[in-house]
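For reference, the structure is listed below as structure tokens.
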Amino acid sequence: MIIGAHVIIFTAAVEATRDFLRDALHLPAVDAGGGWLIFALPPAELAVHPAEQSSHELYLMCDDLAATMTALTAAGATFGPIHEERWGRVATMNMPGGGQIAIYEPSHPSPILPG
């Protein structure tokens, strides 16, 4: 019945955010028309929409938070401190263009990650 999810990032920095998602995170995308990119996420989609104020609720998962932060720093991201939570290690990633996404290394069981 449910085949996926569509996540939206609202931002005034549409092009910078799209460039970061494509070039730094290497997310595959399709052009839905007129340069309106929709990015694939495992197992969901991510789209960037224009807005006056940035907003979202999104956590990206990785298998090694420190290594991921190092690679993304080289691509222009900055990060808040790492916090240890009962469900994993988490940090806030500041993307070029001003958007923020939480990124974490899960310690909980996951239906999409190998055990």
Side-chain angles (χ1 to χ4, degrees):
M1 183 182 322
I2 304 298
I3 61 167
H6 186 87
V7 179
I8 300 171
I9 295 174
F10 294 95
T11 180
V14 172
E15 292 307 317
T17 302
R18 289 177 178 158
D19 291 349
F20 181 78
L21 295 172
R22 183 192 60 231
D23 300 336
L25 297 184
H26 307 285
L27 297 177
V30 296
D31 188 328
W36 197 272
L37 299 180
I38 298 178
F39 294 88
L41 287 174
E45 295 179 342
L46 172 64
V48 179
H49 293 219
E52 299 251 336
Q53 186 173 8
S54 297
S55 64
H56 71 275
E57 290 188 20
L58 175 65
Y59 285 81
L60 298 179
M61 298 165 66
C62 64
D63 59 0
D64 183 333
L65 185 59
T68 301
M69 289 171 68
T70 297
L72 292 176
T73 297
T78 60
F79 295 87
I82 294 174
H83 298 279
E84 300 289 337
E85 302 291 342
R86 62 178 172 76
W87 41 269
R89 302 174 71 219
V90 63
T92 300
M93 176 174 61
N94 303 301
M95 300 181 301
Q100 294 182 326
I101 295 178
I103 185 166
Y104 81 107
E105 178 183 332
S107 59
H108 60 79
S110 170
I112 63 170
L113 298 176

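S54 contributes no side-chain N or O that, together with a main-chain N or O of T11, makes up a donor-acceptor pair within less than 3.5 Å. Listed for the T68 side chain is no donor-acceptor partner under 3.5 Å among the backbone atoms of C62.
Sorted by first and then second residue, the salt bridge (Lys or Arg N to Asp or Glu O under 4.0 Å) pairs involving residues 90-99 (not counting sequence neighbours) form an empty list. The list of salt bridge (Lys or Arg N to Asp or Glu O under 4.0 Å) pairs with a residue in residues 90-107, not counting sequence neighbours, reads R89-E105. Legend: salt bridge (Lys or Arg N to Asp or Glu O under 4.0 Å) pairs involving residues 61-71, not counting sequence neighbours: none detected.
In this structure, P50 and W36 approach most closely via the heavy-atom pair CD-CH2, 3.6 Å. Closest heavy-atom contact between R22 and F39: N-CE2, 3.8 Å. When all heavy atoms are compared, the tightest approach of V90 to L65 is N-CD2, 4.0 Å. Contact record, L27 with A40: CD2-O, 3.6 Å, taken as the closest heavy-atom pair.
By the salt bridge (charged side-chain N to carboxylate O under 4.0 Å, His left out) test, E15 is found to be paired with R18, residues two or more places apart in sequence or in another chain being considered. N94 pairs by the side-chain contact (heavy atoms from CB on, under 4.5 Å) definition with T78, T92, Q100, not counting sequence neighbours. Applying the ring pair (Phe, Tyr, Trp, His ring centres under 6.0 Å) test to F79 and every residue at least two apart in sequence or in another chain returns nothing.
Counting non-hydrogen atoms of neighbouring residues, nucleotides and ligands closer than 6.0 angstrom, the CD atom of E84 exceeds 12 such neighbours.
Using a 4.5 Å cut-off on side-chain heavy atoms (C-beta onward), Y59 and I101 make no contact. Contact of the I38 side chain with the D31 side chain is not registered, since no non-hydrogen atoms from C-beta on lie closer than 4.5 Å.
Rounding to the nearest 0.5 Å places CG of L41 at 8.5 Å from CG of L21. If you take CE on M61 and CD1 on I103, they are separated by 11.0 Å, rounding to the nearest 0.5 Å.
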